Amino acid sequence: MITQRSERLKTATQQVKRVTSPLSIIVILVIVALTLRLLSLGERPFHHDESLDAWFSLRFLNGEYNGYDPVYHGPLRFYLTAAIFWVFGVADITARLLAAIAGFILVFAPLLWRKHLGIVGTIGAMTLISVSPTMVYFSRFGREDSLFLLLTTSFVILFIAFLVNPQGWHPTALLTTIVLSMAIKESILLVIFLFGVLTLFLALQESLSRIKQGTLERFPLLSSLLISGIGLLSLTLILIWVGDSGGNETIIKIACYCGLLLLVIVGIRVFSTTEKDHQPEISIIKSLREPNLKQWSISLVIASITFIALFSQLFTNFSGPNTTSAPYGALRNGLTAGFQYWSNQQSTGARGDSRWHYYLSMLIAYEWVILFIALFGIWKIIQQPTLFNQTIMWWALGGLIVYSWAAERMPWLIIHILLPIIIIAGLGIQHIWETVSTQKKRKQIACSVALVLLIFVAFQSIKTNFDGPGEPNELLVQAGQATPEVIAWTNQIHELNRVFYAENGKHLSVQIDSDIYWPYGWYLRDFPTSTYATITTGNTATLAASPDIIFLPQWDRNLAQNLVDDYAIFPYNHRWWWVPQYDAGFSSIADTQTLLINWGQWIWNRTPWQNIQGSPDGCPSALAGNVYMKESVLSMAQKKEVWNSPHLTPSLIQGGSLC
Amino acid sequence: MNLLTAVFICSIVLIGFTTTYSIQSRLPFEERLIFGVVLGVIEVSILGFLLSWAFSVSRTTIFMTVGILLTVNSIFALRRRSVLIADYESLLIRCKRKWNDPLSPKVPIFLLVSSNLLTTRIMQIAYDGTDSGGVAVSHLSVYGDWSAHLAYAASFAYSDNFPPELPTAAGESFSYHFGIDWFSAMFVPLGLDIFSAMQISTVLLGSVLPPILYFGYKRFVSNNRAAVFALLIFLLSGGTAAFFRFLFEDLPKEGPSILLNLPRSYAFDGFDRNWVDNAVTGFLYPQRPTLIGFSALVIVIVLLWENRKIKISSTYVFAGILVGALPVFHIFSFGALLLLSTFWALTSMKKYWLHFFTPALLLGVPVLVWQWPDRDGRSWHQLWVLGKSSWNLNVIDFLWFWLLNTGLVIPIAALGIVRSSREIKRFAIPIFAFLIIPNIAIWHFWIGNNAKYVILFLLLSAPFIGEQVELLFKSGGLRKSLSVALLISLLFTGTLDVWRAMDKTTGPYPVEYLTGSDVLVGEWILKNTPSDATFASANTNTHPVRVLTGRSVVSGSPGRLNDLGINWYSRDQDLRSIYQLQEGYGQLLARYQVTHVVLGPLEKLHYGLPPNYELQIGEELILHGAQLVYDRANYQVYDVQDMQ
């Protein structure tokens with residue numbers, strides 16, 4: 001009897017273990033990550049940039065792409081999205097599929113670092129990547145950032161592997177990853193700078209550890225703070241010094257900084273005496289020497305071929321688009337135009353949010369749970385400054401510094417900072433687990449807290465991504481985000497045109513002013529006649545031709561005064577956004593309660609706040625305009641029962657203000 | 001694809017997967033999962049059909065279907081959960097094995113992914129929009145056969161076709177294996193339009209066919225590579241026509257760029273010299289029942305093969321039930337499996353075969369009888385098309401015909417079977433029946449349908465051909481080169497045809513299938529006429545009433561009706577009489593219980609109606625009590641229910 005009971009107990013325990021085994025949890029994570037990334041993927045109206053990316057991909061598929069222009073970033077994702085279009089068809093969902101796939105693959109990055117993170121830390125990090133509101137949002141956002149982050153992560157994986165256990169194929173993989181990243185986004189320059197400086201600091205660390213009777217190991221605090229403290233501080237200072245100068249000045253200042261570091265490294269090497277049997281944890285020189293000349297040559301050849309293939313539209317077009325930002329041939333554009341464009345942007349001042357603490361504020365708003373857990377990870381890194389730990393720390397904090405310094409501050413760049421922070425959080429989770437797992441009660445408390453936090457993060461993620469996605473009360477929504485009215489009008493135009501054509505044998509004439517043309521360029525891609533119009537004070541020929549439907553932004557309303565008699569006029573909201581003051585205009589201690597209530601209400605149900613003082617009031621606002629529709633067309637639409645009142649799209653009934 | 005559709009598909013896989021645990025067959029996890037797709041489709045289709053018949057086609061009945069099957073099947077899975085867990089753990093361990101390891105699941109996973117991508121590509125270009133708001137199509141299979149399939153699927157989805165009647169011939173019983181079209185119709189209440197429903201059901205079943213074939217072939221060959229060869233030999237079949245037509249005619253004329261715009265099908269030339277089309281472009285996609293039939297045929301063979309030594313009766317019963325369900329889905333597979341199993345049973349003369357035959361016949365024969373056409377379509381002949389078309393009845397044409405249509409398939413298959421083990425030989429010999437049948441009889445109204453037997457022969461003989469190619473390949477040296485040449489000879493034509501199917505702009509395609517006006521009238525009919533309405537409309541290949549609404553019509557396309565044993569000629573003449581307002585047209589309307597008469601461009605063109613005819617017919621019909629209920633964009637619809 002007792003044997004039977006113990007057998008049953010054993011079996012039950014085994015079954016529980018199977019369910020909670022890492023593999024089973026990973027399978028569950030796969031389902032969760034896929035669901036969060038693919039569910040209703042096409043539902044949110046397209047952001048301006050998403051529509052351009054999709055449109056360029058379609059152009060490439062149709063053989064009409066002119067080549068790399070840094071204004072629209074690298075061509076690789078156009079090629080990949082075009083391939084997705086070819087297989088799965090051209091649709092809103094497939095336009096975002098590349099980002100979703102890249103975001104899904106990213107979930108598995110911690111698996112490759114499981115030896116460093118520990119199994120609990122790995123699963124913790126994977127879980128956070130799967131459900132983080134920001135990671136999910138930008139895995140569902142049809143820009144290049146999700147794919148670029150995947151390549152950056154691959155680069156970091158290879159970078160660490162190359163330093164820890166260098167292999168002959170590592171240079172090929174590293175260089176090819178850099179080239180692929182170049183073909184996606186100019187941010188690769190920041191990555192190269194960041195990891196270039198890290199390499200110098202690692203070399204410095206290696207040099208210091210060689211000083212006889214003064215090894216770095218004898219000063220544990222210096223050892224742990226050289227990179228994560230001194231290194232990051234110097235990085236911050238140097239970037240403050242560089243400022244927003246741009247161009248050659250930036251290059252000279254950064255070169256001075258790197259040169260100085262190099263000088264220190266060489267100096268220590270030359271003037272220090274080395275212990276004979278000293279074996280540092282890593283050796284940059286040794287790693288560089290590991291692949292032989294042939295392997296280095298092959299890596300250069302493969303990287304070069306990849307570069308040529310990517311920037312010449314797979315060897316088919318070696319001439320560039322011949323625009324101001326890409327004036328050279330395809331290959332030269334690939335090499336230099338990106339940097340020039342970025343450099344010019346840097347010197348022309350901030351794009352996006354102008355506040356230096358933008359990313360920090362956004363991370364606190366959306367990912368405070370992860371930041372909180374990451375604090376434990378930082379503690380562990382200070383205690384155990386291994387190469388992996390220091391690299392991840394550098395990636396996270398260095399990334400925060402570099403991206404906060406760069407002139408362009410956009411919500412989609414947050415993920416480049418967030419991912420390494422999640423890895424640090426993974427280290428923190430493992431650290432906590434190791435601390436509490438010895439005592440059952442502590443373990444239970446830790447598990448309960450973890451569960452509550454996970455539910456909270458998941459709730460936030462679902463709210464951000466599925467409860468009115470793309471609405472401006474979300475801070476992740478950027479000014480280019482189209483309103484649902486754009487989709488409503490698109491559907492209306494298509495349906496109306498079908499009836500109009502059947503009745504009259506000709507298509508509707510729809511003219512959309514260039515200022516508000518995107519994302520219609522994508523949505524109306526199959527519309528049989530051109531819908532693009534440039535309507536200005538000096539160019540009203542389009543209006544004179546009296547098209548059936550006209551879209552004008554608010555600043556051009558006066559141009560349509562002559563249309564009033566023959567046209568029905570509908571108010572229209574094209575894009576929307578919210579740029580709040582994060583401190584809500586906080587000026588004295590008495591405002592604390594209001595500040596906390598504002599933030600609390602926003603976290604709980606995404607209610608936007610009005611600033612305590614100052615102008616603008618901080619409410620979400622929209623780029624408005626008018627839609628002019630010929631009375632005859634409107635009456636036909638109503639008569640034929642195809643009028644869907646797109647101007648009354650439910651989410652906009654509240655009017656211009658959401659406060 | 002919306003969320004409900006995704007959930008429905010996942011449920012189907014889960015239902016089928018758990019079903020495999022109702023029998024004690026030693027199938028690995030990945031086979032259960034892939035077989036589960038087809039088994040799930042069959043189960044969901046049958047129960048869904050019965051429930052929809054009892055209630056209606058709705059989201060609720062589909063949820064009920066899925067709920068019932070998931071509940072029942074989860075009991076099987078729970079009862080054998082230890083086996084399920086062991087299967088899962090075995091899969092994880094086997095995932096680490098190399099590609100060429102017979103137990104590695106990597107090859108079938110690769111096949112599943114690649115076939116899914118190719119099928120998705122072919123299907124996503126099937127339909128497209130046109131500038132006028134109409135519909136364009138990109139392949140012959142979609143333009144041709146799918147017109148009928150659309151009507152069948154739409155009749156269930158939109159016209160509550162219970163008890164099932166042939167929607168393309170008002171009043172006739174549904175003498176067609178409509179299971180796959182009913183399955184497609186089940187996606188419509190979940191939020192898909194009828195076109196997407198057709199596409200997605202095809203992608204689901206088309207994607208799993210290659211791995212299922214691979215699982216089946218692997219049991220009759222020596223290694224993974226031979227199974228992959230066999231798979232390619234079947235899927236890329238097509239004879240040898242491309243060697244002349246492509247290499248000596250089209251390529252020299254157009255240059256290499258022709259590969260991006262292949263002008264014609266190479267395996268099939270419209271029933272002149274080439275009668276046996278490629279398996280994918282000629283049979284799998286256009287003839288939709290094969291989507292379930294081919295897979296089910298292989299699954300049953302696998303079950304019987306695995307059971308040949310352990311002889312568990314429940315497996316025989318399960319296989320028998322599966323075969324018994326097949327007449328609804330693919331009658332040729334039902335016949336093929338009965339033929340094969342009869343041979344196997346007769347050569348073993350064991351009682352356990354009764355466990356198989358009893359459910360197979362009890363379930364299958366009544367459906368077969370119900371589907372049996374009124375008109376007798378059988379006739380006898382010799383050597384199939386020899387002496388007909390442009391083929392002469394002599395030895396040279398005999399050899400040339402088979403070489404052109406099937407390449408070296410037949411001699412290599414025969415060689416492979418002769419060289420196989422005694423056990424396999426016994427299993428394989430009856431497949432030659434599928435070569436004999438088309439040469440002695442027409443069982444299905446039209447001589448072209450005999451190619452369906454040849455394709456079954458190809459399906460079943462492919463592993464023996466693949467094994468012979470593999471034997472040559474691994475011998476090395478000159479033999480290896482010979483095997484490569486042999487493979488090229490077997491795959492070249494089919495590869496070109498499959499490649500062509502992936503090209504959206506090849507030959508005359510895309511062509512306008514429905515105009516914007518067609519779509520508008522179809523949408524109006526769907527919204528404004530009762531689901532049991534019967535329409536008089538042109539019996540052209542495509543017509544919005546049939547393909548968009550599934551409403552019953554007096555006559556669909558004559559060729560397709562002839563295939564089903566319907567007297568298409570009299571219906572054609574009756575329609576002519578109605579539209580030309582000949583004497584007695586009123587009785588004809590009454591005979592077919594026509595409720596609506598459509599007058600559109602297709603009617604005017606097809607029945608040679610004069611200009612301003614709409615005024616004439618309008619006056620006549622309205623005079624007798626009809627009502628003009630739709631008049632827009634070249635279409636008029638008359639409600640003739642109250643006509644006297």
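Atom set for the values below is all heavy atoms of this structure, side chains included, hydrogens, waters and symmetry mates excluded. All values derive from a computational prediction rather than experimental measurement. Residue numbering restarts at 1 for every chain, and letters A, B, ... go by the order of the sequence lines.
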How about [atom1] on [X], more than 12 heavy atoms from neighbouring residues, nucleotides or ligands closer than 6.0 Å, or not?
X: Trp499(B); atom1: CH2; value: no
X: Arg79(B); atom1: CZ; value: no
X: Glu64(A); atom1: CD; value: yes

To the nearest 0.5 angstrom, please state how far the [atom1] atom of [X] sits from the [atom2] atom of [Y].
X: Trp524(B); Y: Lys640(A); atom1: CH2; atom2: NZ; answer: 12.5 Å
X: Thr515(B); Y: Tyr501(A); atom1: OG1; atom2: OH; answer: 9.0 Å
X: Asn2(B); Y: Glu43(A); atom1: CG; atom2: CD; answer: 11.0 Å
X: Ile84(A); Y: Thr120(B); atom1: CD1; atom2: OG1; answer: 12.5 Å

Side chain from CB out, backbone as N, CA, C, O: work out which of these in [X] comes under 4.5 Å of a heavy atom of chain A, or both, or neither.
X: Met502(B); result: both
X: Tyr88(B); result: side chain
X: Leu92(B); result: side chain

Note to self: I'd like to know whether Phe88(A) forms a side-chain contact (heavy atoms from CB on, under 4.5 Å) with Gln124(B), so could you lay out the CA-CA distance, the side-chain angles of the two residues, the decisive distance to 0.1 Å, and finally the verdict.
What the structure shows: CA-CA 6 Å; Phe88(A) 297 104; Gln124(B) 71 91 356; 5.7 Å; no
Tell me, side chain or backbone of [X] under 4.5 Å from chain B's heavy atoms, or both, or neither?
X: Val642(A); result: neither
X: His507(A); result: side chain
X: Asn497(A); result: side chain

Next item on the list: Would you name the heavy atoms of Ala633(B) and Ala502(A) that are closest together and state the gap between them?
Entry: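 Ala633(B) and Ala502(A) have their closest heavy atoms at CB-O, 3.3 Å.
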Next item on the list: Identify the heavy atoms of Leu3(B) and Leu39(A) that sit nearest to each other, and give their distance.
Entry: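 Of all heavy-atom pairs spanning Leu3(B) and Leu39(A), the closest is CD1-CD1, 3.0 Å.
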Check: Under 4.0 Å between a Lys/Arg side-chain N and an Asp/Glu carboxylate O for Glu523(B) and Arg498(A)?
Finding: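 Judged by the 4.0 Å cut-off on N to carboxylate O distance, Glu523(B) and Arg498(A) do form a salt bridge.
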Item checked: Members of residues 105-115 of chain A whose heavy atoms come closer than 4.5 Å to chain B ->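 Under the 4.5 Å heavy-atom cut-off, nothing qualifies.
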Margin query: Heavy-atom pairs under 4.5 Å with chain A: which of Ser82(B), Gly133(B), Ser132(B), Gly134(B) has the most?
Written below: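 Answer, by heavy-atom pair count under 4.5 Å with chain A: Ser132(B).
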